Every structure is written in structure tokens, then in C-alpha cells.
J.: 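Quick one: the structure is below, questions incoming.
Predicted, not measured: the structure shown is a model, and the values here were computed from it.
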Amino acid sequence: MLELENLSIEVGGKQILTNINLSVESGYTNVLFGPNGAGKSALLMSIMGFSGYKITNGKIYFKGEDITDLPLNERAERGLGIMGQRPPNMVGVKLKDLLEITAEECIDLDELVEELNMSSFLERDINVGFSGGEIKRSELLQLAAQAPSFYLLDEPESGVDLVNISQIGMMINKLLHGDIKCAGRRRKEGNSGLVITHTGQILDYIEADKGYILCNGQIMCSGNPRDLLNEIKTKGYQECVTCKIRQS
Amino acid sequence: MQDQTELRRKALKALEKKAAYGDDFELKNYQVTSEHMSNYDSLEEIDDETKQTLLNVGVIPSGKERSGTLIMTDNSISHSSLSEDSVELTSTRKARDKYKWFDDYFWKLVPVDKDKYTAKSYLENADGYFIRAPANTKTSMPVQTCLMLGSKNISQTVHNIVIVEENAQLDIITGCATKKGVEKAIHLGISEMYIKKGATLNFTMIHNWSEQIDVRPRTVVHVEEGGTFINNYISLKPVKSIQTYPTVKLEGKGAFARLNTVAVAHPGSELDLGSKVLFNSPETKAELISRTITTGGKVIARGEMIGNAINSKGHLECHGLVLNDEGVQRAIPILEANVQDIELSHEAAVGKIAKEQVEYLMARGLTEEQAVGMIIRGFLDVGIKGLPPELEADINDTIKKIGESSI
């Protein structure tokens, strides 16, 4: 479904990611662990195609197609969708107006709005004055309306209180593994995703298939996500670096 | 009784006086008489082309959903009618003949010798609209007026007087337009508005001139205790130049003013749009909001707040988008506090559309054009209500073209 091949990324002239090889098979949800500043967000932003993340080497393949040089909207058209960490304040752009344009025909928008408790935000400018949890819900609402087949989720649990986290977690689970309403856009196996998590909390809500650890701009190792999380919890990320050195 | 001899003397003296801002014009190069008269006894007589022109500046040609209509073409009144008797609408000259007290409102706010344009308007005995809302009345629908340029090389001089008596509420929509085929012309407009104790005036002005028209309005608004003045100024279409600096005097406790300016400077346009508020009484409040875009023209957004009375509060917001390298945005906010207990603030920002905003929308599947269009629409949306759908559609079309041209 998604394949990164020797991907190297520069931000502001500085190398952030080096030779990333990563793949997410159709119907899989893979998880990306890593300490702050490891380059996790940069990786997701590059996959979506945001400028400012310069690909200096390597390729991004999506559904077998080389999308390395495609603009964002064409990637979105092909089924990629992102839930960002720090989306910009969209002064003057009302949530409702955007949803009206982006929502897929098969989506019951009213139901989604209710489910995410977002009805009082529809007339508001997107992200302007939203709290951390509200931003996440708004992002999730937009993403659900867009109905992508591949979800790029950047720390969906960060800055969210306990009540919101279960709401968000369950929604993400439903989007990734739930009923498929939009026939033709998705595969039988369900949707796929690449989820960044710092704390691993989101794993209480979703079934993850494979985990990767990203440190210092490099993939350190991959494996069963729960095993990796346990390792990280007991030994910390420093161990990953040491382990990598030992391996080489 | 005002001494007209004195006013005349002052006006004559100021005939060559250049304005403080904007390009100067030799007024004797323009004519004052129309090529042909436009007189509409009934609104149904208006031809289709003119109807469309009216619609594009928010004036409904049928007069429906409006409590009154006045159309001025060049220097004479082409039409005046009322569908509601809770408001008074007539020409300034007729009102002058009718009311003994008229001179109490005539050239009392705008000085005749401010510059050559005010002087000329006085000496031409400029006509215009006179709108008065009697005390404690509320019109259910807005009064609409249109100031139209109908002849080549004309100099249109207009003198409008608006009086909103105590506790009355009035909405006015004024459209400024140019008939097809009129190339070069100049519009000079004097407006004196009086908002009395507890009264509200909601004034919306929509401009749709053309590439070779120069516009020099002179407006002063006087707001008494507890009065409210809301002003929406919309100019999204090409014009050669506009230089205006409407001044609002908050002269009674708790008076409030909000001035929204929404404008686009097309290539070849120079828009010098200011607004000034004088806080002359305690607890007065004002907001000046300016949202301008250049697609190649020049914008000067002046905002000025002068605090002369305690417990007053004002905020000034000047945001300018530059969508073309040829375009110029100059924001000039001025705040002046002359007493200690006052709160005046401003925020000004000029620059291009933030790329992260465009990309945010593109990541949701919008094309770059759609994304830019959506951001521009939001930028220009200051919540002006009551515009006819035809105008809304025209505004959307203009925004779409601006979006396309900026990519």
C-alpha cells in the first residue's frame, strides 16, 4: 500500500531523515515510535507532500505508484489523509464550509458531527481558539469526512484529556477497522494507517500490526508493536541507539 | 442660521486647495452637465443593463425588500420612492426647501474649505440623498441609494445627509456604480451623518466604478450618547483611485462605532482608504477593521484612533494580502491617547497568503485554486448581511478570479 524507499529528508537545509525504508501493507496499521525530535512528524508530513520537507533522496510509492513528486491534493485524491499535530489557524474558513467541499458522498456528515460532538464548532473558523482536544476532534472529523484509505495520524492522543482520548481512540479504531461505507474506495481488508505515538496510549484502542522505532532520523528496528513498546518503557530510547550500534 | 456668505467665501478661497492625500485633479477639465437625462418615474422603467449595474452594487432594481430607493445619475436625482412611511427619503435640495432647521445639519460636520473637492461640492450646490429616521422608529428593510456616473468626463458632486433621530434604527445600502461606456469621470461625495441618542445606523456601501474613475468622498459621522454606527465599505472591482478618510466623532457617553473595510486593488488601482475615530466622550468604543488585497494595485490602509476621553476602548486591525509582486500594501495605523485612562490597540499585518494554510486545505483534497479561493473568501468575510444573492454571486465570482490570478 505505502512504501518508502531509501527516503532522505531535509528541513531548512538540515538533514532530518536518512535512508528510511518502511512499508505498510494493505489493511495494516503500523506504528511509529520515537523520542521527541526524532523526525516522526517530518516523515508523515513528507508522505503527505507538504513543502518545507525536501526529499533529497529516495521514493514514496502509494498503491504501487510513485507519488514522490505529486502535489498534496493529488495524494489526497489517491486516498492519503493526514491528522496533523499543529494545524494552522484558518481565519475566515469555517469548518462547515470545508466539510461541505471535502466530504465524500457516502458519508453521513450529521452522524459524524454528532459522534465527535462537534456541532457547536461548525460555524467556527477552523482551529481558531480550539483547545488541544478540540483540534484533534476537528481533525478527525475532517479526516473521517474525507474518507481516505490510508490514515497518517500524528500523535492522536497528545494534549487530549482522558474523556476525549477514548472518544478519539474509538473513532480512529472505527475508521481503520470498522464498517466500510464507501465501496470501491477501499479494499476488502479495511483501511491502512501509519500512526505516530510517543506514549503508546493509542494502542489501547487500535489493533496495530507492526511497529518501527525512529531515532536520530533513522529507523532503528521494527517488530511487534507491543513488544517494542515494552522495551521502550523499560529501557528507554537510548537502548535503541546502543542496540543499533551493536548490530552494525 | 448659518452664514452662507461666509461659507461661500471660504469655498471660493479653497477652490485650488489640494487634498492632504491622493493624486490631485484639475476639476475644470471635467463637465458638470449630463449628456442625456435619466429619469425614472417608476423603477420598472429602468433598462436591463442598468438593472444589472444596480444589482452588482447591492441595489435591488424592483425596490422589493427595501423601504425606499433613490437613484442619482451624474448630478441629478433620477428616481426617489418610498414603500414604507417610517422613514423619510428625499433629495438634499428638496429637504433644504422643506425644513427650516435644515441648515443645522448642512456643512456642519465636513468643512467646506477642507480641500478643492468640498469647495467644489459646495459651490455646485451638490444634490444627493437626504434620509431621516424619526425618533423611536425602526425600518424593517434597508433604504437603498445608488450614485451612478452616466456621462463621459463628468464630475459628479454629491451631498448626502443622514439623520437618525433618538432611539431610531436605520439600515442603508448605497451602491456606487458607473454606466457602461463611461470611461473617465470623477466622483466627489460629501456625507454628513448624525446618529442621535440611543440610535443605530447600519451603513453599507458597495463600489463598482470602472478603470478610469477617480473617487474622492468626504464623510464625517457624529454619534451621540449610546448611539451605534456600523459601516461596511466594500470595493472589490477596478477603479482608478479612491482616496477617502471618513471620520467618526463619538460625542456621547457609550457611543460605539465599527468600520469594516473590504477592498481589492487591481492592477492600475490606487486605494487610499482610511478611517478615523475620535473618542470625545467617556466609555466610547470603536473597532476599525480593514481587510485588503492587492492583485497589482496599491493599497494604503490608514487607521486612526484619537482618545480624548476616559474609559474609552478602541481596536484597530489592518490586514493586507499581497497576491502579486507588482502590488503594494501600506498599512498606517495611528493611535493617540490624550488621557491616562484609555485603551487603544492595533494589529497590522501585510504579506502573502500563508503557504501552510493553502497546503492544509490541499491535504484535504482541494486544488491550489480552490484552497486560495477559500482563504480569500474567508479573509474578506466580515459578516456583512442583507446583500442580494446576485451581489453575493458577483462577489464570489470576483474572489474566484482573484484566486485564479494569484496562482
J.: Nearest 0.5 Å please: distance from the CG atom of Asn127(A) over to the OH atom of Tyr360(B).
T.: 4.5 Å

J.: When you look at CD of Glu404(B), are more than 12 heavy atoms from neighbouring residues, nucleotides or ligands closer to it than 6.0 Å?
T.: yes

J.: Counting only heavy atoms from other residues, nucleotides and ligands, does the tally under 6.0 Å from CD of Glu114(A) exceed 12?
T.: no

J.: At a 4.5 Å cut-off on heavy atoms, which part of Met48(A) comes close to chain B: side chain, backbone, both, or neither?
T.: side chain

J.: Which is it for Asp381(B) and Lys94(A) under the salt bridge (Lys or Arg N to Asp or Glu O under 4.0 Å) test, yes or no, and what are the steps along the way?
T.: CA-CA 11 Å; Asp381(B) 182 10; Lys94(A) 293 191 171 57; 3.8 Å; yes

J.: Salt-bridge test for Glu139(A) and Arg364(B): reply yes if a basic N is under 4.0 Å from a carboxylate O, no otherwise.
T.: yes

J.: Does any part of the side chain of Asn73(A), heavy atoms only, come nearer than 4.5 Å to the side chain of Gln370(B), both counted from C-beta?
T.: no

J.: Would you mind telling me which of Asn89(A), Val91(A), Val93(A) has the largest number of heavy-atom pairs within less than 4.5 Å of chain B?
T.: Val93(A)

J.: Heavy-atom cut-off 4.5 Å, strictly under: side chain, backbone, both or neither for Ile101(A) against chain B?
T.: side chain

J.: Do other residues, nucleotides or ligands put more than 12 heavy atoms under 6.0 Å from the CD atom of Glu326(B)?
T.: no

J.: Shorter than 4.5 Å, heavy atoms on both sides: which option in Thr367(B), Ile376(B), Leu366(B) has the most such pairs with chain A?
T.: Leu366(B)

J.: Between Glu77(A) and Gly365(B) (side chain of the first, backbone of the second, donor and acceptor by atom type, cut-off under 3.5 Å), is there such a pair?
T.: no

J.: Using every non-hydrogen atom in the two residues, find where Met362(B) and Ala76(A) come nearest and quote the distance to one decimal.
T.: O-CB, 4.0 Å

J.: Just wondering, more than 12 heavy atoms not from Lys285(B) lying within 6.0 Å of its NZ?
T.: no

J.: Side chain, backbone, both or neither: which part of Leu380(B) has an atom under 4.5 Å from a heavy atom of chain A?
T.: neither

J.: Which one, Glu368(B), Lys355(B), Gln357(B), leads in non-hydrogen pairs under 4.5 Å with chain A?
T.: Gln357(B)

